[in-house]
Every structure is written in C-alpha cells, then in structure tokens.
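Data first, discussion second: the structure below is written as structure tokens.
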Amino acid sequence: MDDSLDLIASSKSFGGWHTRYRHRAHTVGCDMVFAIYLPPQATTAPVPVLYWLSGLTCSDENFMHKAGAQRLAAELGIAIVAPDTSPRGDEVPGDPDGDWDFGHGAGFYLNATEAPWATHYRMHDYVVRELPALVEAHFPVTAARAISGHSMGGHGALVCALRNPGRYVSVSAFSPICAPSMCPWGQKAFSRYLGEDRQRWAQWDASALIATATERLPLLVDQGSEDPFLSEQLHPQTLVAAAEAADYPLTLRIQPGYDHSYFFIASFIDAHLHHHARAFAG
C-alpha cells in the first residue's frame with residue numbers, strides 16, 4: 001500500500017515548520033491534502049498532535065492561515081494537523097445542484113452509506129484512522145492525540161471523540177453544529193449521505209451520542225452570541241441538555257458580541273490550546 005507524501009509547500013513559523021502534503025487516501029479513494037505544523041521541540045523529541053477539523057467550504061488552509069495558533073503551539077510543543085473537509089476531484093461526486101453546503105467541502109466527517117456518496121465520503125475513517133497512521137509514520141509525533149474544530153468541524157470533533165473512546169486525550173469545539181439531525185445543514189447532509197433512517201442519523205449526532213458515551217473527556221465549547229447561524233443551525237442548548245442528562249462534563253462559553261468567523265476563533269484559540277496542553281501533560 002502506497003503511503004508516500006508529496007510536499008506542496010513549506011514555511012518556517014515561530015521556530016517550527018508549516019508544511020502541506022498531498023497523498024493518495026485509500027479510505028476516500030482520491031488524493032487528499034493536509035497541513036501540519038511541527039513546533040521547534042519536534043527537532044529533538046516527538047510531540048503530541050492536535051487535529052483540527054474545519055467547517056463548510058473550508059480546506060486545510062483556513063485554520064493554518066487565520067487562527068494564529070502557531071505561536072502558542074510552538075511554546076507548548078504541540079503539533080497541529082489540519083485535513084481537508086471532504087474528498088475532492090473529478091471522480092468524487094459533488095452537490096447535484098451546485099450548492100455550497102453539500103459535497104465538495106462538506107463531508108461532515110461521517111462515513112456515508114448511500115450511493116453515490118458511500119464510495120468516497122468516508123471522512124470519519126480518514127480523520128480517525130488513516131490520517132493519524134500516516135502522520136505518526138512520517139513525522140516526529142507521539143500517539144497522544146487531541147481533536148478540535150469549527151462549525152461542521154466542531155461537529156466532527158465531537159463525534160470523532162464520542163465514537164472512539166481512548167483515541168483522544170481531549171476535545172474542544174468552536175460554534176459546533178451540535179444537533180445536525182435538527183438543523184437544515186445536517187438534515188440535508190444526513191438524508192443524502194445516510195438515507196432517511198433517522199436511527200442512522202443518531203449514530204453521527206453529538207447530542208444523541210453523548211447519552212451513551214463511555215468516556216468522560218472534559219469538553220470545552222466556545223460560541224459567539226452574535227453568530228448568524230446560532231438559532232437555526234447550531235443548537236448548543238440541545239448539547240447542553242444532553243450533557244446535563246448524561247452527567248457529561250461540558251463547559252459552554254457564550255462569548256458576547258462574537259460571530260462565526262475566524263476573528264472569533266483567533267480570539268479564543270489560546271484557551272483551547274491550553275485546554276489540550278493540560279490533557280497532554282496528564
């Protein structure tokens with residue numbers, strides 16, 4: 001099995017290196033691009049990894065360019081890996097209507113079961129298994145993993161952690177789609193990727209999964225009070241209710257005046273990096 005990497009770009013940052021690679025991803029059946037930031041500590045010893053999952057329409061570049069995470073990651077000795085948000089390429093079907101909220105750039109970090117999506121849209125397996133195996137084989141990193149994300153990627157981070165106990169040491173999210181079964185973005189994606197059986201949907205819905213979680217990773221969520229998607233798409237109150245019912249440790253911080261943008265993420269990314277650093281430190 002070919003697990004070679006093709007270097008796309010490399011830039012020094014805060015004493016470490018930000019690089020982008022292309023590789024053939026077997027779980028999604030196409031070429032994929034990911035970015036990795038290695039802090040300066042990685043030149044002398046392996047470092048833990050934070051996986052960042054981005055939101056609708058994004059790629060690996062959004063977080064790395066806009067969040068300003070490299071400075072503190074360099075101080076804390078944390079690598080950051082940012083995958084793309086979906087499979088891409090001529091062989092990968094996109095939205096039949098050309099909409100932005102489904103298909104290319106909108107993989108929802110699940111494993112699709114319905115044709116024609118099931119062949120390529122297996123982002124959960126890619127993010128949870130294939131990509132970490134590749135990163136751990138090629139870079140000076142440990143097997144200590146944390147996961148975070150924004151919006152659709154916040155949903156993905158929660159689901160990856162809840163479905164895979166023992167896989168991550170910590171989890172956090174910015175403005176996550178907390179109950180995709182209840183919102184237009186999620187309903188569109190789930191009905192196409194998973195079919196109309198809502199029991200399947202529950203297997204990929206964080207607010208449903210938290211009720212049966214067998215692991216208690218403290219969950220940090222930041223949400224802007226002026227987020228234009230807050231009431232229709234994100235439903236943090238549903239996650240709060242589910243966490244309270246399950247006695248799951250959730251800290252939800254409503255940040256006054258902030259929206260859904262990377263200005264919001266950049267304002268609070270340090271708190272999330274410290275959240276994960278504490279978990280890495282044990």
Side-chain angles (χ1 to χ4, degrees), residues 3-14 16-39 42 47-74 78-89 92 94 100-101 103-110 120-139 141 145-157 159-160 168 172-176 260-262 265-266 269 272-273 276:
D3 65 350
S4 60
L5 299 177
D6 296 325
L7 179 65
I8 300 172
S10 179
S11 299
K12 194 167 187 179
S13 176
F14 294 99
W17 287 91
H18 168 263
T19 49
R20 299 181 73 218
Y21 293 91
R22 179 179 290 107
H23 73 109
R24 188 68 182 178
H26 306 285
T27 49
V28 294
C30 66
D31 288 348
M32 292 291 285
V33 172
F34 71 92
I36 179 169
Y37 176 71
L38 287 172
V47 296
V49 184
L50 171 64
Y51 287 85
W52 173 270
L53 308 184
S54 292
L56 290 165
T57 75
C58 292
S59 71
D60 64 285
E61 295 186 280
N62 295 74
F63 179 81
M64 292 299 202
H65 286 192
K66 297 178 180 180
Q70 291 89 342
R71 177 192 58 79
L72 186 56
I78 296 173
I80 302 174
V81 172
D84 203 347
T85 52
S86 79
R88 299 182 193 262
V92 178
W100 60 271
D101 57 355
H104 295 173
F108 268 82
Y109 304 103
L110 50 71
H120 296 286
Y121 286 85
R122 303 188 63 80
M123 287 296 294
H124 183 80
D125 282 353
Y126 175 71
V127 166
V128 172
R129 301 294 175 188
E130 182 173 2
L131 182 58
L134 191 72
V135 168
E136 289 162 23
H138 285 269
F139 299 98
V141 300
R145 311 172 198 95
I147 193 162
S148 186
H150 172 232
S151 194
M152 177 187 72
H155 145 78
V159 170
C160 287
Y168 304 98
S172 73
F174 287 83
S175 313
H260 199 72
S261 71
Y262 268 84
I265 295 170
I269 190 61
H272 286 244
L273 289 171
H276 297 296

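The model shown is predicted, which means the values in this text are computed figures rather than measured ones.
You'll find the side chain of V128 stays beyond 4.5 Å of the side chain of Y109, heavy atoms only. The shortest distance between side-chain heavy atoms of Y126 and L134 does not fall below 4.5 Å. Here the side chains of M123 and M32 are in contact, with some heavy-atom distance below 4.5 Å. Side-chain contact check for K66 versus I265: every heavy-atom pair is 4.5 Å or farther apart. Residues V135 and F34 form a side-chain contact, since some pair of their non-hydrogen atoms from C-beta on lies under 4.5 Å apart. Looking at M64 and I80, their side chains come closer than 4.5 Å, going by heavy atoms from C-beta outward.
Going from atom CG of D84 over to atom CG of L131 covers 11.0 Å, rounded to the nearest 0.5 Å. Rounding to the nearest 0.5 angstrom, the gap separating the CZ atom in R24 from the OG atom in S4 is 11.5 Å.
In this model, a donor atom of one side chain and an acceptor atom of the other lie less than 3.5 Å apart for E130 and T27. A donor atom on one side chain and an acceptor atom on the other are found under 3.5 Å apart for H272 and S172.
Closest of all the heavy-atom pairs between H104 and V92 is NE2-O, 2.8 Å. Of all heavy-atom pairs between I147 and A157, the closest is CG2-O, 3.8 Å. Taking all atoms of both residues into account, the shortest heavy-atom contact from V28 to H120 is O-ND1, 2.7 Å. Between V127 and C160, the shortest heavy-atom distance links the atoms CG1-SG, 4.2 Å. Pairing each heavy atom of W17 with each of S10, the nearest pair is CE3-OG, 3.2 Å. Residues A74 and P39 approach most closely at CA-CB, 3.9 Å, considering heavy atoms.
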What verdict does the side chain to side chain contact (heavy atoms under 4.5 Å, CB included) test give for L72 and F14, after you've listed the backbone C-alpha separation in whole Å, the side-chain angles of each residue and the deciding distance to 0.1 Å?
CA-CA 9 Å; L72 186 56; F14 294 99; over 6 Å; no
Might you work through the side chain to side chain contact (heavy atoms under 4.5 Å, CB included) test for R122 and R129, ending with a clear yes or no?
CA-CA 11 Å; R122 303 188 63 80; R129 301 294 175 188; over 6 Å; no
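Residues satisfying the ring pair (Phe, Tyr, Trp, His ring centres under 6.0 Å) test with H124, not counting sequence neighbours, are W204. The ring pair (Phe, Tyr, Trp, His ring centres under 6.0 Å) search around H150 returns H260, Y262, not counting sequence neighbours.
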Pair up each side-chain donor or acceptor in residues 50-57 with any protein partner under 3.5 Å, not counting sequence neighbours, and list the distances.
{"from": "W52", "atom 1": "NE1", "to": "S54", "atom 2": "OG", "distance (Å)": "3.1"}

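A distance below 6.0 Å separates the ring centres of Y21 and F139.
A side-chain donor-acceptor contact under 3.5 Å links H155 to the backbone of F108. At distances below 3.5 Å, not a single donor-acceptor pair connects side-chain atoms of Y37 with backbone N or O atoms of A69. Put simply, the side chain of H18 never gets that close to the backbone of H65: no donor and acceptor are under 3.5 Å apart.
Across V49, T19, D60, a single residue satisfies side chain to side chain contact (heavy atoms under 4.5 Å, CB included) together with I36, and that is T19.
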